[in-house]
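Chain letters run A, B, ... following the sequence lines, proteins first and then strands; every chain starts at 1. The structure displayed is predicted, hence computed values, not measured ones. Both backbone and side-chain heavy atoms feed into the values below; hydrogens, waters and symmetry mates do not.
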Protein chains: 2
Amino acid sequence: MLDNRKKRILQAIIEEYINTAEPVSSGSLLQNYGLECSSATIRNDMAELEHVGYLDKPHTSAGRIPSAKGYRFYVDELLKDDNISIQEMKYIKSKLETKVNEIEELTKIASNTLSEITHYTSVAIGPRTRKHNIVDIKFVLLGSRVLMAVILTDAGAIKETIIKFDQDITESQVSNLNILFNNKLRGMPLEKIDEPFEQYIMNEMSNEVKVIKPIIEQINYAIVYNTDVYLEGANKVFNFPEFKKLEVARTFLNILDTKELVLDILNSSLAEDINVYIGDENEYSELKDFSIITFRHTIGKHDLGTIGIIGPTRMDYSKVISVMKYISKKLNEQLGKGMF
Amino acid sequence: MLDNRKKRILQAIIEEYINTAEPVSSGSLLQNYGLECSSATIRNDMAELEHVGYLDKPHTSAGRIPSAKGYRFYVDELLKDDNISIQEMKYIKSKLETKVNEIEELTKIASNTLSEITHYTSVAIGPRTRKHNIVDIKFVLLGSRVLMAVILTDAGAIKETIIKFDQDITESQVSNLNILFNNKLRGMPLEKIDEPFEQYIMNEMSNEVKVIKPIIEQINYAIVYNTDVYLEGANKVFNFPEFKKLEVARTFLNILDTKELVLDILNSSLAEDINVYIGDENEYSELKDFSIITFRHTIGKHDLGTIGIIGPTRMDYSKVISVMKYISKKLNEQLGKGMF
DNA sequence: AGTTAGCACTCTTGACTATGAAGTGCTAAC
DNA sequence: GTTAGCACTTCATAGTCAAGAGTGCTAACT
């Protein structure tokens, strides 16, 4: 276990390094933090902290920088999560109070705001709607051969998709579809639009089998593939000195371009909690020089979307987590008002 | 006017520079291009070409690089637009033959393909629909206080938007809306959903004025603001040596992040033609080190979307223009089939 | 008059060196 | 357990130098 002074020194080094991006020396700690001991004592403690793996040393005559393990200790034990100003709170509130028509828009706004305030790149995905319950499903004829399906869910998500046919569709077919789909599916989760259901409908409307298949296919496609990844502030990374090295910047942009990877990370984030992945804690080796902080917001058991911040391991964890917690709180208040 | 040999030398310099990104020397021209003269002659011509502004010189003892004016001459007079392989054509064909439900998807696919083949960053916007004629307009009640408006146009664009109310909406109101809107608007361009129209509807439905206003507002919002900018391959720039300088990469990403700027550029592109903006020909000074090539595809007088390529001034104009022309041709064939 | 060989001149690049600054780790004293 | 003092290490910066690449000019050639 670390004694009190060592903890203070570790915290000071990490916070100084987060601010300056320069290796922290014993002298600078003495100057800027009110430590009541000499630089030699600090050096001894720093050697100890390095020995147990919380610090690294770029080379013998440089100061210390935090290791991934050091950041982890900091995040778990030392970090303060009230690192947010009144102005920032006001700004967040005003942004989140925008009137939106769909839950997904709110996720976008939250992600956007998070990036603005923290100056890191944010990523977000909309809700995984498969578990959402169907409130209403409507088919509307847009042309003699064009049908639109609109599905409303109890978590405020709206899925709409267009289906084209090689043959004319009649109004009576449409009203049949409306009745059958609603009778069977209302109150059911979206994932119930599956093969058994397709079979059922085909039996009920046995003389128009050709119409059913594309409808079910297209709806499923819309539900599954409608997982856009929203990105905000990719260019912000150039403000950080770690991205001065072209290779790092390139890796970063490649990560952001690999939608599947981002999706995977956001999806693996646990429900209702803030998750921090520091450097090589990340499952993917491409991410070893980066940290990711995610959180998912939910209503009851319903997933409403996941937001993440990605940046250098030298990230201002305190700031990001503080802002995230506040946004999370406000989102819940907002959603609690019964918007949907 | 340039004599034949000077033209050949200019062309050779530009093509060599596009390939290598290194200043081109008289010696290397002699080696790699079958010019029947000595390096001294080439040097004389190069001095002349520099004098008239087609070439620049980084410093006295370096080779020459093309100036913006040089590229312009090359694009206007020397460029070949058949720089595309059979495989590439096949690939483009296969991509564009994907079945799509909306014209906008096709624009996205074309943009995406263009970026894949040329390895430059592509941007695209959907059609400016204001001049599109309304084929049908439908209101659908999604909940007692949620209305969806779907508008179909003769160019295959579908605009849908959701409107929320503080009061219940009845089915009879909805059918009224359907009748009134369609009677008045069918065959009209989308831009006709304007203030005079709002007045007209308000007169016709004078007892439900409160319902009309948000509808018109929201529809107009959807028409005007539904101009997403699609971006593809932003990370590709790191393959080009001009982006080795961090400042250039940063400027580039900032440009891509400024949606309004990109939108403006794409919108100012003329109809049905390929437009090339080289370096400081661009209206915006931020773009002085970049070139942009755009083209808009149309059916008759209808705008169907605009696609652009943005990259360093040392761009492979020949390749990009060749591929664009081919895509443009295929798009027209595709659309000519009467998909919409 | 246009073309060419030859060569002096210019500028860049990379390797090598010297020097100063920053910081540590150790020793010995407190 | 803490601290002052100092030797030692490493990095960053500037300076020097030589090699290499390419031009521009001059004078000769066709």
Query raised in the report: Thinking salt bridges, do B:Lys288 and B:Asp280 make one under a 4.0 Å N-O criterion?
Result: no
**Report entry** Short side-chain N/O contact to D:dG22 OP1/OP2 from B:Lys57, under 4.0 Å
**Finding:** no
Query - Counter-base of C:dT12, judged by Watson-Crick or G-U geometry with both distances under 3.5 Å - result: D:dA19
Requested in this report: Tell me the partner of C:dT17, counting only Watson-Crick (N1-N3 plus N6-O4 or O6-N4) or G-U wobble (N1-O2 and O6-N3) with both under 3.5 Å; none if nothing fits.
Outcome: D:dA14
Query raised in the report: Side-chain N or O of B:Ser38 less than 4.0 angstrom from OP1 or OP2 on C:dT4?
Result: yes
Report summary line: Ranking D:dT3, D:dG22, D:dG5 by distance to the side chain of A:Cys37, first place goes to D:dT3
Query raised in the report: With respect to the side chain of B:Ser61, which nucleotide from C:dC11, D:dG24, D:dG5 is positioned closest?
Result: C:dC11
**Report entry** A:Tyr54 and A:Phe73 aromatic centres sub-6.0 Å
**Finding:** yes
Requested in this report: Would you confirm whether the ring centroid of A:Tyr120 sits within less than 6.0 angstrom of the ring centroid of A:Phe240?
Outcome: yes
Query raised in the report: What do you reckon, is NZ of A:Lys325 surrounded by more than 12 foreign heavy atoms closer than 6.0 Å?
Result: no
Query - Nearest-angstrom distance from the residue atom CG of B:Leu29 to P of D:dG22 - result: 10 Å
Query raised in the report: Within the pair B:Thr60 and D:dT23, is there a side-chain N or O less than 4.0 Å away from OP1 or OP2?
Result: no
Query - Separation of C:dT24 C1' from A:His51 NE2 (nearest whole Å) - result: 17 Å
Query - Length of the CG-C1' vector between B:Leu30 and D:dA21, whole Å - result: 16 Å
Query raised in the report: Should D:dG5 form a Watson-Crick or G-U wobble pair with both distances under 3.5 Å, which nucleotide is its partner?
Result: C:dC26
Query raised in the report: More 5' along DNA chain C: B:Ala40 or A:Gly27, using each one's nearest nucleotide?
Result: B:Ala40
Query raised in the report: Rounded to the nearest Å, what distance is computed from the NZ atom of residue B:Lys6 to the P atom of nucleotide C:dT3?
Result: 8 Å
Report task. Name the nucleic acid region contacted by B:Ser26, choosing base, sugar-phosphate or nothing; use a 4.0 angstrom heavy-atom cut-off, strictly under. Result -> sugar-phosphate
Query raised in the report: Side chains of B:Ser269 and B:Thr306: do they bring a donor and an acceptor to under 3.5 Å?
Result: no
Query - Upstream residue (5' side of DNA chain C) when B:His59 and B:Asp45 are each assigned their closest nucleotide - result: B:Asp45
Report task. Take the protein atom CG of A:Asn44 and the nucleotide atom C1' of D:dA4, then report the distance between them rounded to whole Å. Result -> 12 Å
Query raised in the report: Can you check whether B:Ser25 has a side-chain N or O nearer than 4.0 Å to OP1 or OP2 of D:dG22?
Result: yes
**Report entry** Separation of C:dT13 C1' from B:Glu22 CD (nearest whole Å)
**Finding:** 12 Å
**Report entry** Value in whole Å for how far the C1' atom of D:dT23 lies from CG of B:Leu55
**Finding:** 14 Å
Requested in this report: Please state whether the phosphate of D:dG24, meaning OP1 or OP2, lies under 4.0 angstrom from any side-chain nitrogen or oxygen of B:Arg64.
Outcome: yes
Query - Residues B:Glu116, B:Lys95: salt bridge by 4.0 Å N-O rule - result: yes
Query raised in the report: Reckon A:Arg5 has a side-chain N or O less than 4.0 Å from the OP1 or OP2 of D:dG1?
Result: no
Query raised in the report: Nearest to the side chain of A:Thr41 - C:dT3, D:dT3, D:dG22?
Result: D:dT3
Report summary line: note: A:Glu48, atom CD; C:dC26, atom P; distance rounded to Å ~ 13 Å
